[in-house]
Amino acid sequence: PFPTGPPGLQGSSVLPLIRGTKSRLQDHLFFQNDRHLTAISNGRLKLVKRPEVEGSDGAFELYDMYRDPAETEDRYLGSKGHVAPLEAELGSFLTRTVAWQQETTARREPAKDDCTLSDATRKSLEILGYVEEAPLPCRIE
């Protein structure tokens with residue numbers, strides 16, 4: 001069985017959008033990329049959180065997607081008091097996501113150790129390019 005996502009992050013039918021009975025499916029959309037930027041959008045405002053660096057708790061940027069769709073004007077400093085609900089919702093999302101990732105990782109079966117591969121299997125993997133060099137001998141403790 002495939003793991004399911006965190007509660008509240010399941011897919012939704014787009015039929016109400018097609019029928020015109022709804023203008024959007026969710027109150028908030030969440031984003032995350034491979035550079036560890038995370039964001040939340042309520043359709044108009046987009047709050048972006050840059051990753052934490054040593055000695056910092058990360059930094060926020062705020063964009064008005066109606067007035068600035070190219071996201072060139074950071075409005076966070078002038079709007080800090082008004083974005084507290086978005087910050088709280090983004091923090092809650094990140095906490096739920098990390099908890100789900102940890103739970104999913106804990107449920108996975110441990111990967112097979114390289115030591116369990118036969119010499120023939122290892123040689124085949126080397127020929128195919130999956131293994132670049134022979135592993136160090138296994139230690140028996």
Side-chain angles (χ1 to χ4, degrees), residues 1-119 121-141:
F2 294 101
T4 59
L9 293 181
Q10 300 300 320
S12 301
S13 171
V14 295
L15 197 54
L17 293 176
I18 294 169
R19 289 183 176 158
T21 57
K22 280 185 134 182
S23 61
R24 60 183 175 173
L25 296 176
Q26 302 290 331
D27 292 333
H28 298 102
L29 293 176
F30 298 95
F31 309 87
Q32 187 169 8
N33 70 12
D34 60 348
R35 295 182 329 198
H36 304 289
L37 290 173
T38 54
I40 182 173
S41 175
N42 65 7
R44 174 155 190 176
L45 298 176
K46 182 177 182 182
L47 181 68
V48 178
K49 184 175 191 281
R50 291 190 303 254
E52 298 173 7
V53 293
E54 194 171 321
S56 158
D57 61 354
F60 289 99
E61 299 169 5
L62 181 68
Y63 300 100
D64 184 330
M65 301 306 292
Y66 288 171
R67 295 182 180 172
D68 180 23
E71 300 179 24
T72 58
E73 275 185 59
D74 180 3
R75 299 176 172 268
Y76 182 75
L77 292 178
S79 305
K80 192 172 179 179
H82 301 328
V83 296
L86 284 176
E87 285 182 31
E89 190 67 33
L90 182 58
S92 173
F93 168 78
L94 294 173
T95 300
R96 291 189 323 263
T97 301
V98 168
W100 174 78
Q101 289 170 336
Q102 290 171 343
E103 178 185 326
T104 301
T105 300
R107 287 190 309 206
R108 288 190 187 129
E109 292 181 28
K112 289 190 175 184
D113 191 338
D114 284 341
C115 297
T116 62
L117 296 176
S118 69
D119 289 338
T121 301
R122 173 154 301 286
K123 187 67 174 166
S124 296
L125 291 172
E126 286 176 14
I127 291 168
L128 293 171
Y130 290 110
V131 178
E132 292 183 10
E133 54 185 68
L136 296 173
C138 296
R139 294 185 314 180
I140 299 174
E141 298 177 351

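The shortest side-chain heavy-atom distance between K46 and L62 does not fall under the 4.5 Å cut-off.
Legend: residues meeting side chain to side chain donor-acceptor pair (under 3.5 Å) with T95, ordered by chain and number and at least two apart, are absent. Partners of D64 according to the side chain to side chain donor-acceptor pair (under 3.5 Å) rule, which considers only residues two or more places apart in sequence or in another chain, are R44. Contacts of Q32 classified as side chain to side chain contact (heavy atoms under 4.5 Å, CB included), with partners at least two apart in sequence or in another chain: T38.
Annotation: the span from F60 atom CZ to S79 atom OG amounts to 13.5 Å, rounded to 0.5 Å. Here CG of L29 is found 10.5 Å from CZ of F93. Values are rounded to the nearest 0.5 Å. Distance check, rounded to the nearest 0.5 Å: CD of E73 to OH of Y63 gives 10.0 Å.
Considering all non-hydrogen atoms of both residues, G43 and Y66 come closest at O-CE2, 3.7 Å. Shown here for N33 and R35, the closest heavy-atom pair between the two residues is OD1-N, 2.8 Å.
Screening L45, L94, L47, V48 against I40 for a side chain to side chain contact (heavy atoms under 4.5 Å, CB included) leaves a single residue, L47.
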Checking side-chain contact (heavy atoms from CB on, under 4.5 Å) for the pair E71/M65: CA distance, chi angles, key distance, verdict?
CA-CA 7 Å; E71 300 179 24; M65 301 306 292; 3.4 Å; yes
